[in-house]
Novice: 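Shown below is the structure under consideration.
It should be emphasised that the depicted structure is a prediction, and the values quoted were computed from it without experimental measurement. Each chain gets a letter, A, B and so on, in the order the sequences are listed, and its residues count up from 1.
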Number of protein chains: 2
Amino acid sequence: MKQSESKSERRVATNMAACTCANLRKAARVITQRYEAALQPTGLKATQFTVLVTLAKCGDLPLTHLAEALVLDRTTLTRNLKPLIGQGLVTIGNERDQRVRRIKLTAKGSKAFKDALPRWEEVQLQVVAGLGHKRWSGFLDDLAATIAEARST
Amino acid sequence: MKQSESKSERRVATNMAACTCANLRKAARVITQRYEAALQPTGLKATQFTVLVTLAKCGDLPLTHLAEALVLDRTTLTRNLKPLIGQGLVTIGNERDQRVRRIKLTAKGSKAFKDALPRWEEVQLQVVAGLGHKRWSGFLDDLAATIAEARST
DNA sequence: TCAAATAACGTGCATATGCACGTACATGAA
DNA sequence: TTCATGTACGTGCATATGCACGTTATTTGA
């Protein structure tokens, strides 16, 4: 097992150009622009598409549960939903427990999702091909590990 | 050389839970929270720290050049600088060419950067250790490749 | 020299992000 | 039943992000 890092490893890791946060944010910015360019004809932003995907997969969810599924702050989701509600892609239903706001995909939302799907698939395949499938696959694993690590600590 | 992907590869890549954009954004969110928690005593946000780092490394830069170095939209940078200017960490100087706004690190900004550095280093080393240095190193390469790919296309 | 093209900016608009704080509702124990 | 606690939310504030559009200053070509 590795107990400690070498001096050269430490030097690499603390080179400020190697800032994990800055590089992740940078990559998120440029990739978001690519996906939004692809989704532009659908009128959906990348974040909005992700919300629709999650609802299509999981079905109706209380706001807080949806936020957890998206690894997104609850209050951020509240605001992100506003344009989707305004466009009639999503509605909010009530529960027996009146505190709970259950988020539902409307028929219009389901259609918007299905219409956007081929555009998403196209850009996704381009990005995967850009890295090569094997490398991309490892990259995705690393993203998942990073998310899990950051959340647990 | 790989000319095409297998059907199974395509199936993996177009699984919507594998959305490169959504996963990148998710990772950027959680990692940003980690870095901002570490930087919290300094009063700097992650983005602001990155601006100071870049200025400390590159020296004074015209706004547009700084934005290019950060891979950030020029108009976004204009606004991101406002709190830094307000706190006196950064100033804007003039050029012969009066269109150019040259962004400079002040002495106070330089001190703020140096004060924040050990906190950044600590969280950076934690994150690197979380993935393991070797895996983290490959992850960073993948981020760089993703950025380069997305920008070129 | 002077008008057209270009370059470097800022602003309005819309969305994204999360923390601190406050509110309404539900639940369990006295 | 009632009240203390906990749960599900929303809002105010500050920052982050980028596109469309407009402004000012410089450069370039006739």
Side-chain angles (χ1 to χ4, degrees), chain A residues 21-22 24-37 39-40 43-52 61-68 70-87 89-90 92-103 150-151, chain B residues 21-22 24-37 39-40 43-52 61-68 70-87 89-90 92-103 150-151:
Chain A
C21 182
L24 258 174
R25 292 181 69 90
K26 198 185 295 185
R29 284 196 296 269
V30 298
I31 285 292
T32 297
Q33 284 181 301
R34 286 266 303 197
Y35 278 72
E36 297 208 331
L39 292 176
Q40 192 265 333
L44 288 173
K45 309 282 282 185
T47 303
Q48 298 171 347
F49 179 71
T50 304
V51 170
L52 300 189
L61 285 175
L63 177 68
T64 298
H65 296 178
L66 181 55
E68 281 166 6
L70 293 165
V71 189
L72 188 63
D73 187 89
R74 176 184 57 77
T75 69
T76 299
L77 179 57
T78 295
R79 292 175 234 254
N80 289 359
L81 288 176
K82 283 199 177 168
L84 292 173
I85 295 170
Q87 296 169 47
L89 306 182
V90 151
I92 298 187
N94 287 329
E95 295 280 283
R96 297 193 196 96
D97 185 336
Q98 297 189 5
R99 294 170 301 180
V100 175
R101 318 224 319 154
R102 179 169 290 267
I103 315 301
R151 294 194 72 190
Chain B
C21 182
L24 259 173
R25 293 181 68 88
K26 199 185 295 186
R29 282 196 297 269
V30 297
I31 285 292
T32 297
Q33 284 180 303
R34 286 266 304 199
Y35 279 71
E36 298 207 330
L39 292 177
Q40 192 265 332
L44 288 173
K45 309 281 284 186
T47 303
Q48 297 171 346
F49 178 72
T50 304
V51 170
L52 300 188
L61 284 176
L63 177 68
T64 298
H65 296 180
L66 180 56
E68 282 166 5
L70 293 165
V71 190
L72 188 63
D73 188 89
R74 175 184 58 76
T75 68
T76 299
L77 179 57
T78 294
R79 291 175 235 254
N80 289 358
L81 289 176
K82 283 198 176 169
L84 293 173
I85 295 169
Q87 296 169 47
L89 306 182
V90 152
I92 299 187
N94 287 328
E95 295 280 282
R96 298 194 195 95
D97 185 336
Q98 297 189 5
R99 294 170 301 179
V100 176
R101 311 209 344 140
R102 179 169 289 266
I103 315 301
R151 294 195 71 188

Novice: Mind checking A:R25 for me? I need base, sugar-phosphate or nothing, with any heavy atom below 4.0 Å counting as a touch.
Specialist: sugar-phosphate

Novice: Looking at every heavy atom in both A:L44 and A:L39, which two are closest together, and how far apart are they?
Specialist: O-CB, 3.6 Å

Novice: Tell me whether the side-chain N/O atoms of A:R101 come closer than 4.0 Å to OP1 or OP2 in D:dG10.
Specialist: yes

Novice: For A:R102, answer base if it contacts any base atom (sugar-phosphate contacts may also be present), sugar-phosphate if it contacts only those atoms, and nothing otherwise; contact means non-hydrogen atoms under 4.0 Å.
Specialist: nothing

Novice: Let me know the distance between CD1 of A:I92 and P of D:dA8, rounded to the nearest Å.
Specialist: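 Rounding to the nearest Å, CD1 of A:I92 and P of D:dA8 are 16 Å apart.
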
Novice: Quick one: does any side-chain atom of B:R29 pair with a main-chain N or O of A:V71 as donor and acceptor, under 3.5 Å?
Specialist: yes

Novice: On DNA chain C, does the nearest nucleotide to A:R74 precede the nearest nucleotide to A:D97 from the 5' side, or the other way round? Give the residue.
Specialist: A:R74

Novice: Carefully, step by step, assess A:V51 and A:I103 under the rule side-chain contact (heavy atoms from CB on, under 4.5 Å).
Specialist: CA-CA 10 Å; A:V51 170; A:I103 315 301; 5.8 Å; no

Novice: Given atom CD of A:E95 and atom C1' of D:dC9, what is their separation to the nearest angstrom?
Specialist: 14 Å

Novice: Quick one: CZ on A:R25 to OG1 on A:T32, what's the gap to the nearest 0.5 Å?
Specialist: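 Nearest 0.5 Å value for the CZ-OG1 distance: 10.5 Å.
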
Novice: Which residue lies toward the 5' end of DNA chain C, A:T75 or A:Q98, if each is placed at its nearest nucleotide?
Specialist: A:T75

Novice: Closest-nucleotide mapping onto DNA chain D: is A:R79 or B:A46 further toward the 5' terminus? I mean the 5' end.
Specialist: A:R79

Novice: Taking only the side-chain nitrogens and oxygens of A:T78, find out if one of them lies under 4.0 Å from OP1 or OP2 of D:dG10.
Specialist: yes

Novice: Could you measure the distance from the OG1 atom of A:T76 to the CG atom of A:L70? Nearest 0.5 Å is fine.
Specialist: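 CG of A:L70 is found 11.0 Å from OG1 of A:T76.
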
Novice: Of all heavy-atom pairs between A:N80 and A:P83, which one has the smallest distance, and what is that distance?
Specialist: O-CD, 3.4 Å

Novice: Please identify the 5'-most and 3'-most nucleotides of DNA chain C with any atom under 4.0 angstrom from a heavy atom of chain B.
Specialist: C:dA7 to C:dC19

Novice: Scan B:T47 against the nucleic acid and name what it touches under 4.0 Å (heavy atoms): base, sugar-phosphate only, or nothing.
Specialist: sugar-phosphate

Novice: Which heavy atom of B:L77 sits nearest to which heavy atom of B:A67, and what is that distance?
Specialist: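 Smallest interatomic distance, heavy atoms only, reads CD2-N, 3.5 Å.
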
Novice: According to a strict under-4.0 Å criterion, is A:T64 in side-chain N/O contact with OP1 or OP2 of D:dC9?
Specialist: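 Checking D:dC9 against A:T64, a side-chain N or O does come within under 4.0 Å of OP1 or OP2.
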
Novice: For B:R96 and for B:D73, find the nucleotide of DNA chain D with the closest heavy atom, then tell me which residue's nucleotide is more 5'.
Specialist: B:D73

Novice: Report which part of the nucleic acid A:Q48 touches: base, sugar-phosphate, or nothing (heavy-atom distance under 4.0 Å, all strands).
Specialist: sugar-phosphate

